[in-house]
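For reference, the structure discussed in these notes is given below.
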Amino acid sequence: KRNVKDGFSKEKIAKTFSKEELPVIVKSHTSILLRKLHGVDMQLQENKVANISLACKKINGIIIKPGETFSYWKTLGKPTAKKGFKEGLTISTKLGLGKDVGGGLCQMANMIHYLILNSPLEVTELHHHSDALFPDDRRRVPFGTGTSVFYNNVDYRFKNTSNQNIQILVWIEDGELCGELRSEKEFP
């Protein structure tokens, strides 16, 4: 259904990348990667870090031009074991905590969403986790801003409604996921 809907959509999905960083930092944020979660195997957390590292390579440097839409899954692609993704922690409305290939990638979606919330850009698709099943260790973002993603039906998308290019930079440094939303000039 998603592919059919996208096929008929007039939405232009961002696909341009640049290694050159846009000059203005609109918002930056960091998020700790390894968290001790009650009853959760730490191997799933370590696998999540590997999954997020792969996601950084696919997302870092993307340019979203005026009028374009960023799609998490159109940018990242399907997370498969063949592509190097590992089993990580998943949260499901029906099943609760579980594990699946690509698990933990919601942390990257959370990062991007938090950056966008601090900009004038328009979130066009957002799905929250059904419940906060466990408290995050050392949480540094507002509770309830968590973003749920599930390939390819549950996407995270935003539209660049500004008159300038914007860019997402994401990388891992010192055990943290780091992110920046950048622009060509300051927003009012």
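All values below come from the heavy atoms of this structure, side chains included, with hydrogens, waters and symmetry mates left out.
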Legend entry - For the student: nearest non-hydrogen atoms of Ser183 and Val26, plus distance: OG-CG2, 3.4 Å

Legend entry - Backbone of Ser18 reached by a side-chain donor or acceptor of Gln167 within 3.5 Å: yes

Legend entry - Within one Ile-Leu-Val-Met-Phe-Trp-Tyr cluster: Ile25 and Ile64, side-chain cutoff 4.5 Å: no

Inset, instruction - Could you verify whether a donor N or O on one side chain and an acceptor N or O on the other, from Glu176 and Ser31, lie under 3.5 Å apart? - result: no

Legend entry - Thr90 versus Lys99, closest heavy-atom pair with distance: OG1-N, 3.4 Å

Legend entry - Separation between CG of Leu33 and CD of Glu173, rounded to the nearest 0.5 Å: 11.5 Å

Legend entry - Check: Asn47 side chain, Gly88 main-chain N or O, donor-acceptor pair, under 3.5 Å: no

Legend entry - Any donor-acceptor N/O pair, Glu68 side chain to Lys65 backbone, under 3.5 Å: yes

Inset, instruction - Could you tell me whether the side chain of Asn51 and the main chain of Ala55 form a donor-acceptor pair under 3.5 Å? - result: no

Inset, instruction - May I ask you to test the Val154-Trp73 pair for a side-chain heavy-atom distance under 4.5 Å? - result: no

Inset, instruction - For Lys83, look at atom NZ and say whether over 12 heavy atoms of other residues, nucleotides or ligands are found less than 6.0 Å away. - result: yes

Inset, instruction - Kindly work out whether a path of hydrophobic side-chain contacts (I/L/V/M/F/W/Y, heavy atoms less than 4.5 Å apart) joins Ile116 to Leu126. - result: yes

Inset, instruction - Output the distance between atom CG (Leu76) and atom NZ (Lys74), rounded to the nearest 0.5 Å. - result: 12.5 Å

Inset, instruction - Using a strict 4.0 Å threshold on nitrogen-to-oxygen distance, state whether Lys86 and Glu46 make a salt bridge. - result: no

Inset, instruction - Kindly assign one of parallel, tilted or perpendicular to the pair His113 and Tyr156, based on the angle between their ring planes and the thresholds 30° and 60°. - result: perpendicular

Inset, instruction - Could you please spell out the steps behind the side-chain contact (heavy atoms from CB on, under 4.5 Å) verdict for His29 and Leu115? - result: CA-CA 7 Å; His29 188 66; Leu115 297 173; 4.1 Å; yes

Inset, instruction - Indicate whether any N or O donor in one side chain lies under 3.5 Å from an N or O acceptor in the other, for Lys48 and Gln107. - result: yes

Inset, instruction - Starting at CD1 of Ile63, measure out to CD1 of Ile166 and round the result to the nearest 0.5 Å. - result: 8.5 Å

Inset, instruction - Kindly compute the distance separating OG1 (Thr124) from CD (Glu11), expressed to the nearest 0.5 Å. - result: 5.5 Å

Legend entry - Neighbour count above 12 (heavy atom, 6.0 Å) for Asn153 CG: yes

Legend entry - Under 3.5 Å donor-acceptor, Glu184 side chain and Asn165 backbone: yes

Legend entry - SB check Glu180 Lys27 (cutoff 4.0 Å): no

Inset, instruction - Specify the closest pair of heavy atoms between Gly102 and Pro79, including all atoms of both residues, with the distance to one decimal. - result: CA-CB, 4.1 Å

Legend entry - same_hphob_cluster(Met111, Val123) at 4.5 Å side-chain heavy-atom cutoff: yes

Inset, instruction - Give a yes-or-no answer on whether the side chains of Ser71 and Asp155 include a donor-acceptor pair shorter than 3.5 Å. - result: yes

Legend entry - Minimum side-chain heavy-atom gap Ile59-Tyr72 below 4.5 Å: yes

Legend entry - Minimum heavy-atom distance Tyr151-Gly77, with the two atoms named: CE1-C, 3.8 Å

Inset, instruction - Please tell me if the side chains of Thr30 and Leu177 come closer than 4.5 Å, counting only heavy atoms from C-beta onward. - result: no

Inset, instruction - For the residue pair Phe70 and Ile62, establish whether any side-chain heavy-atom pair is separated by less than 4.5 Å. - result: yes

Legend entry - Residue pair Ser162 / Pro66: nearest heavy atoms and the distance that separates them: O-CB, 3.3 Å

Inset, instruction - Could you tell me the separation between the CG atom of Leu89 and the CE atom of Met42, rounded to the nearest 0.5 Å? - result: 11.0 Å

Inset, instruction - Mark yes or no for whether Asn60, through its side chain, and Val170, through its backbone, hold a donor-acceptor pair below 3.5 Å. - result: yes

Legend entry - Same apolar cluster: Val24 and Leu169, side chain cutoff 4.5 Å: no

Inset, instruction - To the nearest 0.5 Å, tell me how far Ser53 OG sits from Phe85 CZ. - result: 9.5 Å

Legend entry - Any donor-acceptor pair under 3.5 Å from Gln164 side chain to Lys185 backbone: yes

Inset, instruction - Specify the closest pair of heavy atoms between Ile168 and Ile112, including all atoms of both residues, with the distance to one decimal. - result: CD1-CG2, 3.9 Å

Inset, instruction - Indicate, with yes or no, if Ile13 and Leu181 share a hydrophobic cluster defined by side-chain heavy-atom contacts under 4.5 Å among Ile, Leu, Val, Met, Phe, Trp and Tyr. - result: no

